[in-house]
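Everything below concerns the one structure shown next.
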Amino acid sequence: MDIDQREENTVPDTAPENLAPVPKKPGNNNDGGVETAEEATEPAEPNIDELCRDMFDKMAVFLQGELTATCEDYKLLENMNKLTSLKYMEMKDISINISRNLQDLNQKYASLQPYLDQINQIEEQVTSLEQAAYRLDTYSKKLEAKFKKLEKR
């Protein structure tokens, strides 16, 4: 039996996952730092199948969590879009009502425009009558002053 076969025989097929490395045996090291096959030992290899299953299980849990988070994000976005759509529909209804009311007000203003024009004309006439009254008052005061002056003579 050569050295490689002895090392293979020391590693069990069903090694537990957390095996500590086998300590090195002290030997006659006359080469000044070169290890012999007996001195150099590798840690026992854990069961690859169990590690693979464990890795795949953990990866599945991780991916499931990522997919769940993504689905929740999309559901949240969908709900936000629905609410936004409802708000925009409400705003559309409000703007339609405002537009309709504005058209009604414009029609009422248009129907009142002749009366407003008449009011403006009457205001102009009142202003001119007021000026005429002031002039007449001024003239009457002058006339009264002349009459009193003539009366005193």
Side-chain angles (χ1 to χ4, degrees), residues 4 7-8 10-26 32-35 37 39-153:
D4 289 44
E7 285 183 3
E8 288 176 5
T10 59
V11 178
D13 290 337
T14 57
E17 289 181 23
N18 297 327
L19 258 187
V22 178
K24 294 182 183 181
K25 298 178 185 177
V34 178
E35 295 179 352
E39 292 175 345
T41 58
E42 296 180 8
E45 291 185 18
N47 190 349
I48 299 294
D49 290 338
E50 287 181 29
L51 288 177
C52 286
R53 276 191 206 98
D54 185 45
M55 181 195 67
F56 282 120
D57 290 342
K58 289 179 180 178
M59 186 62 78
V61 169
F62 170 76
L63 291 176
Q64 187 65 35
E66 288 291 315
L67 291 175
T68 302
T70 303
C71 286
E72 293 298 319
D73 287 345
Y74 279 121
K75 286 178 185 176
L76 177 64
L77 282 174
E78 183 179 7
N79 289 338
M80 289 171 62
N81 284 338
K82 286 178 182 177
L83 287 173
T84 303
S85 175
L86 290 173
K87 285 291 183 186
Y88 277 120
M89 288 174 66
E90 288 175 10
M91 290 170 62
K92 175 187 163 198
D93 292 340
I94 290 171
S95 65
I96 287 172
N97 287 336
I98 289 173
S99 175
R100 192 175 304 130
N101 290 339
L102 182 62
Q103 287 176 351
D104 291 344
L105 283 175
N106 284 336
Q107 288 175 352
K108 289 177 183 178
Y109 181 78
S111 67
L112 288 175
Q113 190 60 44
Y115 299 111
L116 294 173
D117 291 340
Q118 286 179 356
I119 290 171
N120 287 337
Q121 287 176 350
I122 291 171
E123 184 180 5
E124 289 172 3
Q125 290 173 354
V126 166
T127 303
S128 68
L129 279 175
E130 189 177 353
Q131 290 173 355
Y134 283 129
R135 283 183 289 186
L136 184 60
D137 186 46
T138 306
Y139 179 72
S140 67
K141 286 181 183 178
K142 286 181 185 179
L143 191 57
E144 184 181 353
K146 277 185 184 181
F147 180 71
K148 285 185 180 181
K149 190 177 182 182
L150 285 176
E151 206 175 61
K152 285 185 180 179
R153 279 192 196 175

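The analysis underlying the following values was restricted to heavy atoms, covering all of them including side chains, and did not include hydrogens, waters or symmetry mates.
- Without hydrogens or angle criteria, Ser85 side chain to Asn81 main chain gives no donor-acceptor distance under 3.5 Å.
- Rounding to the nearest 0.5 angstrom, the gap separating the CE atom in Met80 from the OG1 atom in Thr84 is 6.5 Å.
- Between Lys92 and Ile96 the shortest side-chain heavy-atom distance falls below 4.5 Å.
- Atom OG of Ser99 and atom CG of Asp104 lie 9.5 Å apart (nearest 0.5 Å).
- Annotation: the span from Asp57 atom CG to Met59 atom CE amounts to 11.5 Å, rounded to 0.5 Å.
- Between the CG atom of Leu63 and the CZ atom of Phe56 there is a distance of 11.0 Å, given to the nearest 0.5 Å.
- Comment: Lys58 engages Asp54 in a salt bridge, judged by a side-chain N to carboxylate O separation of less than 4.0 angstrom.
- Atom-to-atom distance recorded for Leu143:CG and Thr138:OG1 is 12.5 Å, nearest 0.5 angstrom.
- With rounding to the nearest 0.5 Å, the separation of CD in Gln118 from CD1 in Ile122 is 6.5 Å.
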Go through the steps to decide whether Glu66 and Phe62 satisfy the test side-chain contact (heavy atoms from CB on, under 4.5 Å), and finish with yes or no. CA-CA 6 Å; Glu66 288 291 315; Phe62 170 76; 3.7 Å; yes
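- In this structure, Ile94 and Ile98 have side chains that are in contact, with non-hydrogen atoms separated by less than 4.5 Å.
- Within the structure, every pair that satisfies the salt bridge (charged side-chain N to carboxylate O under 4.0 Å, His left out) test and touches residues 115-141, not counting sequence neighbours, is listed here: Asp137-Lys141.
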